[in-house]
Amino acid sequence: MSIQKKEKMKNLDYNKKDWLEDAVPMDKALSSSKKLRQLVDTLFEEIKILIKVSSKSRQKEALKTIMMNLIRAHQLNRPVRYARDKNKYTRDRRYGKLYFKYDRLIPIIDAMEGLGYIEQSSFYFDHEKKGEGLQTRMWSTDKLWSLCQEYRLLQAFPLVPELPEDEEIIILRDEDGKEIGYRETKQTRQMREDLKNYNNFIDKHRITVRLDGVTVVDNRFLVEKLYGNIKNGKIWIESVKFNNNHYQYNYTTPIPSFNKHKKPFHINPSCIIHKLIDRIPAYKTAPSSPITHTKRRITLLRTLLRRFWSDAHLFQKDIERRSYEISRIPWKMRQDVLGEEFRLQDIGIDELFFVLDYEHLRRIFNLKSWEQGGRAYGSFHQHMLRKYMRKDILIDGQPTTEIDFSAYHIRMLYHRKDIDYTDDPYSVCEGPEMRTIYKAVGLIAINAKKSEACGAIHEELKDRKIPVPRRDEPFKTLVRKFKEAHRAIEQYLFSGIGLTLQNIDSHIMNAILMRLMDKGILGLSVYDSVIVAEQHEAFTKEVMTEEYKKIMGFNPRF
């Protein structure tokens, strides 16, 4: 970039100091909008003159993704951020995403800039951090927005939530967290087979969450976690019970129930019917009744009407509106709004019942090693539900219980030293009243190195909203006290051994889930705990004990 252009970008003034910093990340998005498709066709006719056309259909899909991100960002008065570093885009076929490939995406973006449809900034000055931006920003020009107006794309158009494409489920990353290729072995094939079987098994079960009105949530849970996963098709709202705290919900629904339907319900129903008519089974009056187009249309229309008139529809529109309004708040103020906590009943909800529709897992190994990391990630209940919400999970309509390994990694370290440690490793430091603090310290002791320990403890206590003890050099004191209480394993503490322990616990957890599955029991992994239906609690504890003892030689504690 020229010096003149850098100066121009550095001095951009949008009356918002953090406008360039507060960018929307480029993300994959899908839409069935006919107008959007027509706009993409028009733009591509201009763009193809400036780029090498290798796969017209896929390049058009990439352009559509870019356009959807730009339009959404324009509605929020924010730029879009994306990486121009080729190393950020994997070249390995194992992980390659369909539309987000460097050689496909970047030429299209640059051509749009050359045609005057967007502007970009690969450099901007942060007056507080005194540094440059981490990723390039782009935003639509008046020329592009005028074209969008011609095609009547004046507001956010309906997205079509679909489940993610099949992805690699055994992942190896390098030191920078980038996914890298690897040679197949007997071990990798077995891990993949186990996980495929588990993901197929979990699809046969219905996993739901029922939150009552006194459940404490925050805006981040509603708009980023709940609504974000509704948009990508991983969650759908089954039912909502409203109270009188919100005037717009004082009504009687014409159709009190609805069937699950993942297509947009706020566009012309005839368009949806035309697209999906062959996918929807007809109601049959008799076993020999033919499945006609008319019957399919009636079935789908009934589904759409039930969806439109349901309480769940109104709640979904409510959190969609909440998400949009919060997104327009300046970035620094927005963080406080997202963290604001309240009870569901305070926003007019006595019960919220939703379905976790995509709980597939992927195992991720780190540092180019099959002996570092390896835990299974990816399900909503692991990342999105707070611990106190997990008690509200139902498996096939049955209440569940969560069985935790107690002080999992600390005991592992003792068992590696052939010591059967039975005390509470956190209370022994400075008594039960300091247990919560030392539990946070214990997490850092396993995962951080000595040079990072004090800062990491500070951040952990801050994240957990735990007050820092009033004493001289509080963080150094906490590190010292924890080490003194655990002299036998001091060599492991603050050494960064966490990924090694995660590797061990990942194999233990895999064995537990496979054994439960062989008995027809679904177990939901939460790293150091397993969620199962209450009637399987005793058997699950037996399995967890046996699998842990096979590896570590001692019985665990729960």
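Just so you know, these numbers use all the heavy atoms, side chains as well, and skip hydrogens, waters and symmetry mates.
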Please name the pair of heavy atoms, one in [X] and one in [Y], separated by the smallest distance, quoted to 0.1 Å.
X	Y	value
D85	Y102	C-CE1, 4.4 Å
N366	G374	OD1-N, 4.5 Å
Y117	L144	O-CB, 3.2 Å
I118	I109	CD1-O, 3.5 Å
F380	K225	CE1-O, 3.6 Å
V40	K60	CG1-O, 3.7 Å

Out of curiosity, [X] [atom1] to [Y] [atom2], how far, rounded to the nearest 0.5 Å?
X	Y	atom1	atom2	answer
I51	R104	CD1	CZ	10.5 Å
R322	S327	CZ	OG	12.5 Å
E351	K241	CD	NZ	4.5 Å
L367	D174	CG	CG	8.5 Å
I47	E45	CD1	CD	10.0 Å
Y198	S525	OH	OG	7.0 Å

With side chains defined as the heavy atoms from C-beta onward, is the minimum distance between [X] and [Y] less than 4.5 Å?
X	Y	answer
Y82	N69	no
I169	K196	yes
N243	I349	no
K64	L39	no
D218	L338	no
L211	F354	yes
T215	F221	no
C148	I71	yes

[X] side chain to [Y] main-chain N or O, any donor-acceptor pair under 3.5 Å?
X	Y	value
S146	D142	yes
N219	G339	no
R137	Q135	yes
Q382	G378	yes
Y182	R173	no

I207 pairs by side-chain contact (heavy atoms from CB on, under 4.5 Å) with which of L394, I531, I202?
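Of the listed residues L394, I531, I202, the side-chain contact (heavy atoms from CB on, under 4.5 Å) partner of I207 is I202.
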Determine, stepwise, if the pair E184 / R192 fulfils salt bridge (charged side-chain N to carboxylate O under 4.0 Å, His left out).
CA-CA 10 Å; E184 290 289 353; R192 185 178 295 103; 2.8 Å; yes
Is the H74 to W139 ring centre distance short of 6.0 Å?
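When the ring centroids of H74 and W139 are compared, they turn out to be at least 6.0 Å apart.
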Any Lys/Arg nitrogen of [X] or [Y] sitting under 4.0 Å from an Asp/Glu carboxylate oxygen of the other?
X	Y	value
K52	D103	no
D110	R84	yes
E320	K317	yes
R343	D212	no

Ignoring hydrogens and geometry beyond distance, is a side-chain donor-acceptor pair present between [X] and [Y] at under 3.5 Å?
X	Y	result
Q502	Y527	no
R375	Y377	no
Q38	Y151	no

Please step through side-chain contact (heavy atoms from CB on, under 4.5 Å) for the pair E119 and E113, ending with a clear verdict.
CA-CA 6 Å; E119 292 183 357; E113 182 183 29; 5.7 Å; no
How far apart are the C-alpha atoms of R220 and Q335, what are their side-chain angles, what is the distance that settles it, and do they pass the side chain to side chain donor-acceptor pair (under 3.5 Å) test?
CA-CA 9 Å; R220 180 171 276 107; Q335 304 313 304; 3.2 Å; yes
Salt bridge (charged side-chain N to carboxylate O under 4.0 Å, His left out) between E340 and R334, intermediate numbers included:
CA-CA 10 Å; E340 181 184 344; R334 191 187 318 143; over 6 Å; no
Would you say CG of D463 has more than 12 non-hydrogen atoms from neighbouring residues, nucleotides or ligands within 6.0 angstrom?
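Enclosed: over 12 neighbouring heavy atoms sit under 6.0 Å from CG of D463.
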Could you give me the CA-CA distance, side-chain angles and deciding distance for R72 and M68, then say whether side-chain contact (heavy atoms from CB on, under 4.5 Å) is met?
CA-CA 6 Å; R72 175 172 173 265; M68 292 177 71; over 6 Å; no
Under the 6.0 Å and 45° cation-pi test, does K234 pair with Y358?
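Judged by the rule, K234 and Y358 form no cation-pi pair.
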Start with the C-alpha gap between F365 and R363, add the side-chain angles, then the distance that decides, and say whether side-chain contact (heavy atoms from CB on, under 4.5 Å) holds.
CA-CA 7 Å; F365 294 83; R363 291 186 68 177; 3.8 Å; yes
